[in-house]
Undergrad: 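Okay, here's the structure, questions in a sec.
Naming convention: chains lettered A, B, ... in sequence-line order (proteins, then strands); numbering from 1 in each chain. Being a predicted model, the structure only gives us computed values, none of them experimental.
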Amino acid sequence: MTLWLWMAFALMLGFIPCGIVTFRGAPEDRLVGLEMTGVLLVLELVLLTEGYHRPPFFDLPLTVTLLAFGSGLVFIRFLERWV
Amino acid sequence: MHYPIISGLLLGTAVALALLCCIGLLVMRDTFQRLHFSAPVVAISMTCVAIAVYIEDGNPQSRIKVTIIAIALPLFNAVLTHATARAARIRKTGHWPLHADETIPIIGGGKAAGMVQEPLE
């Protein structure tokens, strides 16, 4: 286990509070938890990619960065109007 | 090119800050307070991780992609945070613009430019 993988493991603990916020409370609070989870996921994937020395896999966090933004906007749109 | 101490410090800072922000997200009671906690993660943690990747990995592909991520993430997060706050306000009050009967509490009691303490006549 390298330094990067230990840090990736430690960062995984951050998903627990994000999950609690995402699965509880009002819809807008859940959305905030979901957005924070997206941010953590990007960091996690960068740490894992570097930890396993797979440069081509950097496409994963890059894709999650773009998709988390798009999906967040869709959720916000629904939250604002229809939910 | 390996500098474990520098990388360790950078990654430790990034992960510790991210975990603290997650706890802050959980502890806060209000949606608008919770929204603040993703900013340090995308700004400081992501930058620390990107610098660590630069230090540890000489591969240009890794560097370019982690740079794009470190730039795009804060930009996207700012837009998402504002849009989420707007949606949350609209859900709670039914409208986005300020209404006459609404007052904005100003810390310290002063009157900031463009913000009012008393209700609008």
Undergrad: Taking atom types as modelled, is there a side-chain donor on S38(B) or E35(A) under 3.5 Å from an acceptor on the other?
TA: no
Undergrad: As an exercise: rank V49(B), L19(B), L80(B), V53(B) by heavy-atom pairs under 4.5 Å with chain A and give me the winner.
TA: L80(B)
Undergrad: Does any backbone or side-chain atom of L31(A) lie under 4.5 Å from a heavy atom of chain B? Answer side chain, backbone, both or neither.
TA: side chain
Undergrad: Side chain from CB out, backbone as N, CA, C, O: work out which of these in L40(A) comes under 4.5 Å of a heavy atom of chain B, or both, or neither.
TA: side chain
Undergrad: Report yes or no: does S71(A) contribute a side-chain atom to a donor-acceptor pair with the main-chain N or O of A68(A) at less than 3.5 Å?
TA: yes
Undergrad: Can you confirm whether more than 12 heavy atoms, excluding those of F57(A), are under 6.0 Å from its CZ atom?
TA: no
Undergrad: Given side-chain contact (heavy atoms from CB on, under 4.5 Å), test L47(A) with V15(B) step by step and report yes or no.
TA: CA-CA 10 Å; L47(A) 293 176; V15(B) 171; 4.3 Å; yes
Undergrad: Please output the residues of residues 24-31 of chain B in contact with chain A, using a heavy-atom cutoff of under 4.5 Å, in numerical order.
TA: L25(B), L26(B), D30(B), T31(B)
Undergrad: Determine whether a donor-acceptor pair (N or O, by modelled atom type, separation under 3.5 Å) exists between the side chain of R63(B) and the backbone of D57(B).
TA: yes
Undergrad: Could you have a look at N59(B), V79(B), I23(B), T84(B) and say which one has the most heavy-atom pairs with chain A under 4.5 angstrom?
TA: T84(B)
Undergrad: Check whether the side chains of Y54(B) and S62(B) place a donor and an acceptor atom closer than 3.5 Å, and report yes or no.
TA: no
Undergrad: Start with the C-alpha gap between I90(B) and H95(B), add the side-chain angles, then the distance that decides, and say whether side-chain contact (heavy atoms from CB on, under 4.5 Å) holds.
TA: CA-CA 5 Å; I90(B) 289 172; H95(B) 52 82; over 6 Å; no
Undergrad: Of the backbone (N, CA, C, O) and the side chain (C-beta and beyond), which part of I16(A) lies under 4.5 Å from a heavy atom of chain B, both, or neither?
TA: neither
Undergrad: Under a 4.5 Å heavy-atom cut-off, does chain A meet the side chain of I69(B), its backbone, both or neither?
TA: both
Undergrad: Go through A8(A), G33(A), C18(A), P56(A) and name the one with the most non-hydrogen pairs under 4.5 angstrom from chain B.
TA: P56(A)
Undergrad: So for A52(B), is it side chain, backbone, both, or neither that comes closer than 4.5 Å to the heavy atoms of chain A?
TA: both
Undergrad: Answer yes when R91(B) and E80(A) have at least one side-chain N-carboxylate O distance shorter than 4.0 Å, and no when they do not.
TA: no
Undergrad: Thinking salt bridges, do D59(A) and K65(B) make one under a 4.0 Å N-O criterion?
TA: yes
Undergrad: Taking CZ in F69(A) as the centre, count heavy atoms belonging to other residues, nucleotides or ligands within less than 6.0 Å. Is the count above 12?
TA: yes
